[in-house]
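Single-structure report; data block below.
We count residues from 1, following the sequence as given. Counting starts at 1 for both ligands and their atoms, following the listed order. Small disclaimer: the values here were computed from a predicted structure and weren't measured.
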Amino acid sequence: MGQTLDGTAVGIGVPRVVIIGAGFGGLRAARALANAPVNVMLLDRTNYHLFQPLLYQVATAGLSPDEIAYPVRAIFRKQKNLEFRMTEVQQVDLAGRRLLTNTGEIPYDTLILAAGGETNYFGLDSVARNSFGLKSLADATRLRNHILRMFELAAQESSPEKCLAMRTFVIAGGGPTGVECAGAISELIRLVLAKDYPRLNFDDVRVILLEGTGRLLPGMPDRLANATVEKLKQKHVEVRFGAQVTGFDGTQVTLKVQDAGGAVPDSRNETLPACTLIWAAGVRAVQLVDSLGVKQGSQGRVLVNSCLQIPEHPEVFVIGDAAFLSTNGDGSKPVPLPMVAPVAMQQAAVAAENIQRHLAGKPLKDFVYKDPGSLATIGRNAAVARLGRWEFKGFIAWVLWLVVHILQLIGFRNRLVVMINWVWDYLFYDRAVRLIE
Ligand SMILES: Cc1cc2nc3c(=O)[nH]c(=O)nc-3n(C[C@H](O)[C@H](O)[C@H](O)COP(=O)(O)OP(=O)(O)OC[C@H]3O[C@@H](n4cnc5c(N)ncnc54)[C@H](O)[C@@H]3O)c2cc1C
């Protein structure tokens, strides 16, 4: 007979571990439980695993959606102790140990909550309504259609002001997503679309990257962050620091700009005519966790103990973007771990191991994050990479970025097709997926 994590016996032979989310964390946890004496039920609202780091390439016409997503059922074809269900979890009943979903109730003995994050608009309603987030395949396709449509409309527009607004692309947020997006949009426009629209003036096309603080790429050393700014400028991206978006109505972005130049920092409001605002300035835990009624840290992430459990509900593990764990492990200095794939995957391995340790009557293990470093690409031949004590920039970092991303993609076919696409685009300065759907 199996046991739940707080020691009470479960009625039927094998305990049921339910995992919410087939993202980076959920997938790794499900695989790690392949040989455990448990039944695994994996739930996701989509029927595929999405490789979010390449979403911006779908948005900028480099890759098509099916090349960065893979069906969950195909991944787990051979795992005998796993059942997958496509369903949206609407509520977690912690007291009753059951999930309320759009296809019915699902009981659990142990739960791994790996539902990830969502775009955080910080209460800016007009931005939420009119800007473009980048969190799902639908977001990426919508943005690709919009960028391409702007050039079709600009080619027919008689008002110079409107035409300029259509050809101004503003990206908010100077983290890796904002940087990668800005570089890729600029290259799409100048290397590819300029050839498609010979009658359109491309000299005054603007790609503007706004960052509220004074530097790009938190988590990267200053040297690499500064090199990124220089490279973006070479790629015709305007980088503005101390600029916070306060609103966007679909035709102009309103900003609060901090001028740090004088003795006393001064702030002023500014408007920027633009029909496109891409919001890469914030992420928070999925709203599903707000209804749990347990303590949450910054960005709505659920506070977990060092073994990744909700303290009052040890049968529930929370991992990845949805979890808040301070780096020192005891919660005294709550510096949250970054919302990145390696955190989710390493936590998944520890949560799965702790479930097996519990079943074997062994003490649970503390989670300790091993930072593998970080990478960001700025476009053709340009990237920055921090791997342990090593720092790389330029072509070497770019090749590293390509190799790491190809290796992490799921499915041989996806790897091959993405590689062929990248080689083609590199050689012929092309983007294959320039369709407005
Ligand atoms: C554009 C972009 C670029 C990124 N680039 C990088 C990068 O270069 N490197 C890096 O390390 N990280 C990157 N990240 C962050 C990384 O993708 C996340 O940290 C990682 O995906 C978190 O893993 P997770 O398992 O917590 O959640 P996710 O991978 O987001 O998975 C969550 C899963 O839960 C499902 N789900 C959510 N709610 C429900 C529900 N109610 N019911 C059923 N299913 C649900 C979702 O469909 C999803 O499949 C990027 C993120 C984005 C958006």
Can you tell me how far CD of Glu315 sits from CD1 of Ile355, rounded to the nearest 0.5 angstrom?
-> 11.0 Å
Quick one: which ligand 1 atoms are inside 4.0 Å of a heavy atom on Gly21?
-> 33 (C), 34 (O), 35 (C)
At a 4.0 Å threshold, what atoms of ligand 1 neighbour a non-hydrogen atom of Pro342?
-> 11 (O)
Ligand 1 atoms nearer than 4.0 angstrom to some heavy atom of Thr177 are 1 (C), 2 (C), 3 (C)
Identity and separation of the nearest protein heavy atom to atom 44 (N) of ligand 1 = Arg45 N, 3.1 Å
Atom 25 (O) of ligand 1: the protein heavy-atom neighbour that sits closest, reported with distance to 0.1 Å = Gly25 N, 2.7 Å
Min N/O separation Leu288 to ligand 1 under 3.5 Å = no
Select the closest option to atom 47 (O) of ligand 1 among Asp139, Val289, Leu134, Asp44, judged by heavy-atom distance.
-> Asp44
Which residue, Thr110, Val38, Asn354, forms the side chain to side chain contact (heavy atoms under 4.5 Å, CB included) with Leu359?
-> Val38
Is it true that the side chains of Lys370 and Gln346 contain a donor and an acceptor less than 3.5 Å apart?
-> no
N/O to N/O below 3.5 Å, does that happen between Met339 and ligand 1?
-> yes
Give the residue, atom name and distance (to 0.1 Å) of the protein heavy atom nearest atom 27 (O) of ligand 1.
-> Gly116 CA, 3.2 Å
Is it the case that Gln91 and Asp93 place a side-chain donor and acceptor less than 3.5 Å from each other?
-> no
Purely on distance, is any nitrogen or oxygen of Leu375 under 3.5 Å from one on ligand 1?
-> no
To the nearest 0.5 Å, how far apart are CG in Asn421 and CG in Asn414?
-> 10.5 Å
Protein heavy-atom contact under 4.0 Å for atom 14 (N) of ligand 1?
-> no
Can you measure from CD (Gln258) to OG1 (Thr213) and round to the nearest 0.5 angstrom?
-> 11.5 Å
Heavy-atom gap Ala114 to ligand 1 smaller than 4.0 Å | yes
Check each atom of ligand 1 against the heavy atoms of Gly320 and keep those under 4.0 Å away; list them by number with element.
-> 26 (O)
Side chain to side chain donor-acceptor pair (under 3.5 Å) involving Asn145 - partner list, sequence neighbours excluded = none
Looking only at protein heavy atoms, what sits closest to atom 28 (P) of ligand 1 is Gln52 NE2, 3.6 Å
List every atom of ligand 1 that sits less than 4.0 Å from any heavy atom of Glu88, numbering the atoms from 1 in the order shown and giving each element.
-> 42 (N)
Of the listed options Pro53, Gly23, Ala29, closest to atom 31 (O) of ligand 1 (non-hydrogen atoms) = Gly23
For atom 23 (O) of ligand 1, what's the nearest protein heavy atom and its distance?
-> Ala344 CB, 3.4 Å
Could you tell me the separation between the CG atom of Leu188 and the CG atom of Leu193, rounded to the nearest 0.5 Å?
-> 4.0 Å
Would you check the N or O atoms of Ala341, main chain and side chain alike, for any that come under 3.5 Å of an N or O of ligand 1?
-> yes
Salt bridge (Lys or Arg N to Asp or Glu O under 4.0 Å) contacts in which one or both residues fall within residues 209-227, not counting sequence neighbours = Arg215-Asp222, Arg223-Glu391
Do Asn120 and Gln299 have side-chain atoms, one donor and one acceptor, less than 3.5 Å apart?
-> no
Against heavy atoms of Thr87, which atoms of ligand 1 measure under 4.0 Å?
-> 42 (N), 43 (C)
Stepwise ring-ring contact (aromatic ring centres under 6.0 Å, His included) test for Phe202 and Phe151 | CA-CA 10 Å; Phe202 278 77; Phe151 283 90; 5.7 Å; yes
Nearest-contact summary for atom 37 (C) of ligand 1 - protein heavy atom, Å = Ala115 O, 3.1 Å
Pair Asp66, Tyr48: side-chain N/O donor-acceptor within cut-off below 3.5 Å | no
Close N or O approach (Glu180, ligand 1; < 3.5 Å) = no
Contact (N/O only, under 3.5 Å) between Gly117 and ligand 1 = no
Heavy atom of the protein closest to atom 40 (C) of ligand 1 (residue, atom name, distance) | Val89 N, 3.7 Å
Supply the atom-to-atom distance Ile436 CD1 to Met150 CE, rounded to the nearest 0.5 angstrom.
-> 9.5 Å
Hey, which of Arg380, Lys235, Lys231 is the one that makes salt bridge (charged side-chain N to carboxylate O under 4.0 Å, His left out) with Glu187?
-> Lys235
Going by distance only, is there an N or O of Phe24 that falls short of 3.5 Å from an N or O of ligand 1?
-> yes
Check the pair Phe51 / Tyr70 against ring-ring contact (aromatic ring centres under 6.0 Å, His included), numbers first and verdict last.
-> CA-CA 9 Å; Phe51 192 75; Tyr70 204 81; over 10 Å; no
Protein heavy-atom partner closest to atom 19 (O) of ligand 1 - residue, atom, separation in Å = Asp321 OD1, 2.9 Å
side-chain contact (heavy atoms from CB on, under 4.5 Å) evaluation trace for Leu143 with Tyr56 | CA-CA 9 Å; Leu143 177 54; Tyr56 83 94; over 6 Å; no
Just heavy atoms, cut-off under 4.0 Å: does Val343 contact ligand 1 by side chain, backbone, both, or neither?
-> neither
Proximal atoms of ligand 1 relative to Lys135 (non-hydrogen, under 4.0 Å) | 53 (C)
